[in-house]
Amino acid sequence: MKKIILFADTGIDDAIALTYALKHPEVNLLGVVSGYGNIDREKAIRNVEYLLELAGRTDIPVIAGAARPLNGEDPVYFPEIHGSEGLGPIDPPIAEERFANRTNFSKLFQLIKEHRKEVILVNVGRCTSLAIAHYLSPEVMQDVKATFVMGGAFNEPGNATEVAEANFYGDPIAANYICQSAANLTIIPLNVTRDAILTPRQVNLIDARSDSALEEIIKPILDFYFEAYQQLEPGIPGTPMHDLAALMAALDISGLFEYKKREVIVEHQGTAAYGESIADFRPASSNCFGPQCSRIALNLNKDIFVANVIEILTNHR
Ligand code: RIB
Ligand code: CA
């Protein structure tokens, strides 16, 4: 069993990653840290509560993450991609007292201490909450087994700007800190998650086999996401499952990714390259092995990805 804590900014691809984690027989989801990003922090918490309720898993703790980036600026949200509520056409019917004014960040440290050296952190939103955890308690964070981050774009265009991916762009100070400081770090960047595509046909197949309230939201939210992506990248054959790809990396699925180890810097000085992730992939460069080196995914095997996703999302667990 993989013991996972998911850090998310629960929009649509985050929701699919969470759904996959809940349905995977080898994942023990210990908790979800939900912060600002695609939507505001409160909506992100509410969406996780909603998905856990649909799954009958309200026993899983939802921890309130950060509400803004480390530079203190107001976040920019993405309703045009994820919908005003973060889950496309769905307005989750969750009472405000279940998600507002939550202050339970210490629950994160409690979980890591209870499962010492076993917990895998998977960060699929801005890196703010994860960086704050490191700032607050570097000692406890040494007890984390491994960290996986969806973010950055190497040697390809970004999605937030010409050069920057949205998670790193949303808080490049935090992203740079995590890339430089988190031990046993794996980065699944945008140039790789762009290939983690589910086509409408595959989504229809998953929908045809759905038999639970949680599974029934997959198609409506991915249909919304598909329409949004047609505006962003006209002609794209499906929806890129950025966050799901990062979660799957944590499961060591044979043949899904190839990796190289490099030191990563995230530009955070307010230049035109703000939010850009930089690593040395020149032909003469080689793997690095020091504490500041991250494992970076280079590519994704599309056949293995699709087969695995359909298998897990259609199992009747
Ligand atoms: O760049 C893709 C990432 O930005 C994903 O995590 C998506 O959910 C958004 O947060
Ligand atoms: Ca996300």
Side-chain angles (χ1 to χ4, degrees), residues 4-21 32-41 43-48 51 62 65-69 75-88 121-130 147-154 156-172 174-175 178-179 186-198 218 221-222 224-226 228-229 231-233 236 238-250 266 274-277 296-297 300:
I4 289 180
I5 299 178
L6 184 67
F7 286 60
D9 56 332
T10 311
I12 291 176
D13 59 325
D14 309 71
I16 300 296
L18 176 56
T19 300
Y20 176 98
V32 182
V33 181
S34 207
Y36 80 95
N38 294 319
I39 44 176
D40 71 37
R41 190 252 312 262
K43 287 180 179 172
I45 297 171
R46 178 203 58 189
N47 291 354
V48 178
L51 294 165
V62 185
R68 59 176 60 237
V76 175
Y77 307 123
F78 292 89
E80 66 281 14
I81 303 175
H82 297 270
S84 63
E85 304 306 312
L87 293 178
L121 305 181
V122 180
N123 191 101
V124 297
R126 313 316 183 234
C127 293
T128 320
S129 307
L130 184 57
T147 300
F148 290 75
V149 166
M150 189 280 130
F154 295 92
E156 273 194 26
N159 54 359
T161 74
E162 299 93 315
V163 296
E165 180 278 333
N167 284 342
F168 280 14
Y169 182 77
D171 191 343
I178 292 301
C179 289
T186 300
I187 299 172
I188 312 298
L190 180 72
N191 47 296
V192 169
T193 64
R194 277 194 174 116
D195 283 340
I197 285 201
L198 282 185
I218 294 173
I221 67 175
L222 287 185
F224 182 99
Y225 199 48
F226 180 74
Y229 258 93
Q231 306 301 315
L232 287 174
E233 300 181 27
I236 187 170
T239 48
M241 300 284 95
H242 306 293
D243 295 347
L244 175 55
L247 177 71
M248 291 168 78
V266 183
Y274 189 71
E276 182 176 14
S277 47
I296 306 170
L300 168 143

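Model, not experiment: these values are computed from the prediction. Note that ligands are numbered from 1 as they come in the structure, with each ligand's atoms numbered from 1 the same way.
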Quiz item: Backbone, side chain, both or neither: what part of D9 comes under 4.0 angstrom of ligand 1, heavy atoms only?
Solution: side chain

Quiz item: Which residue and non-hydrogen atom of the protein lie closest to atom 4 (O) of ligand 1, and at what distance in Å?
Solution: N167 OD1, 3.4 Å

Practice problem: Could you tell me the residue and atom name of the protein heavy atom closest to atom 8 (O) of ligand 1, and the distance to it rounded to 0.1 Å? | Solution: D13 OD1, 2.5 Å

Quiz prompt | Minimum heavy-atom distance between L87 and A15, given as atom pair plus value | solution = CD2-CB, 3.6 Å

Self-check item: Where the Ca ion (ligand 2) is the vertex, angle from D14 OD2 to V124 O to 10°
Solution: 90°

Practice problem: Could you say whether the N/O atoms of V124 and ligand 1 ever approach to under 3.5 Å? | Solution: yes

Practice problem: Pull out every atom of ligand 1 sitting under 4.0 Å from any heavy atom of N159, numbered as shown with elements. | Solution: 1 (O), 2 (C)

Quiz prompt | Ligand-residue contact atoms, ligand 1 with A166, heavy atoms, under 4.0 Å | solution = 1 (O), 4 (O)

Self-check item: Proximity of D243 to ligand 1 by residue part, where a heavy atom lies under 4.0 Å
Solution: side chain

Quiz item: When you check the side-chain N and O atoms of Y77 and S84, is any donor under 3.5 Å from an acceptor?
Solution: no

Self-check item: Atoms in ligand 1 with a heavy atom of H242 nearer than 4.0 Å
Solution: 2 (C)

Quiz item: Distance-only, no hydrogens or angles: does the N191 side chain make a donor-acceptor pair with backbone N or O of F154 under 3.5 Å?
Solution: yes

Self-check item: Flag, side chain of T239 to backbone of L222, donor-acceptor distance under 3.5 Å
Solution: no

Exercise. Look at the rings of H82 and Y225 and say which category their plane angle falls in: under 30° parallel, 30 to 60° tilted, over 60° perpendicular.
Key: tilted

Quiz item: Considering only N, O or S atoms, which atom of D243 is nearest to the Ca ion (ligand 2)?
Solution: OD2

Quiz item: Are the side chain of T161 and the backbone N or O of A164 linked by a donor-acceptor pair below 3.5 Å?
Solution: yes

Quiz prompt | Side-chain donor or acceptor of S277 paired with backbone N/O of V266 under 3.5 Å | solution = no

Quiz item: Would a distance-only check, ignoring hydrogens and angles, find a side-chain to backbone donor-acceptor pair under 3.5 Å from R46 to E85?
Solution: yes

Exercise. Identify the protein heavy atom lying closest to atom 9 (C) of ligand 1, giving its residue, its atom name and the separation to 0.1 Å.
Key: N38 OD1, 3.2 Å

Quiz item: Any idea which part of D14 is under 4.0 Å from ligand 1, heavy-atom wise: side chain, backbone, both or neither?
Solution: side chain

Exercise. Report, in ascending order of atom number, the atoms of ligand 1 lying under 4.0 Å from any heavy atom of R126.
Key: 4 (O), 9 (C), 10 (O)

Quiz item: Quick check: does any side chain N or O of N38 sit under 3.5 Å from a backbone N or O of F78, one acting as donor and the other as acceptor?
Solution: no

Practice problem: With the Ca ion (ligand 2) as the reference point, give the N/O/S atom of D9 that is nearest. | Solution: OD1

Quiz item: Nearest protein heavy atom to atom 3 (C) of ligand 1, by residue and atom, and its distance?
Solution: E165 OE2, 3.3 Å

Quiz item: Do D14 side-chain atoms and D9 backbone N/O form a donor-acceptor pair below 3.5 Å?
Solution: yes

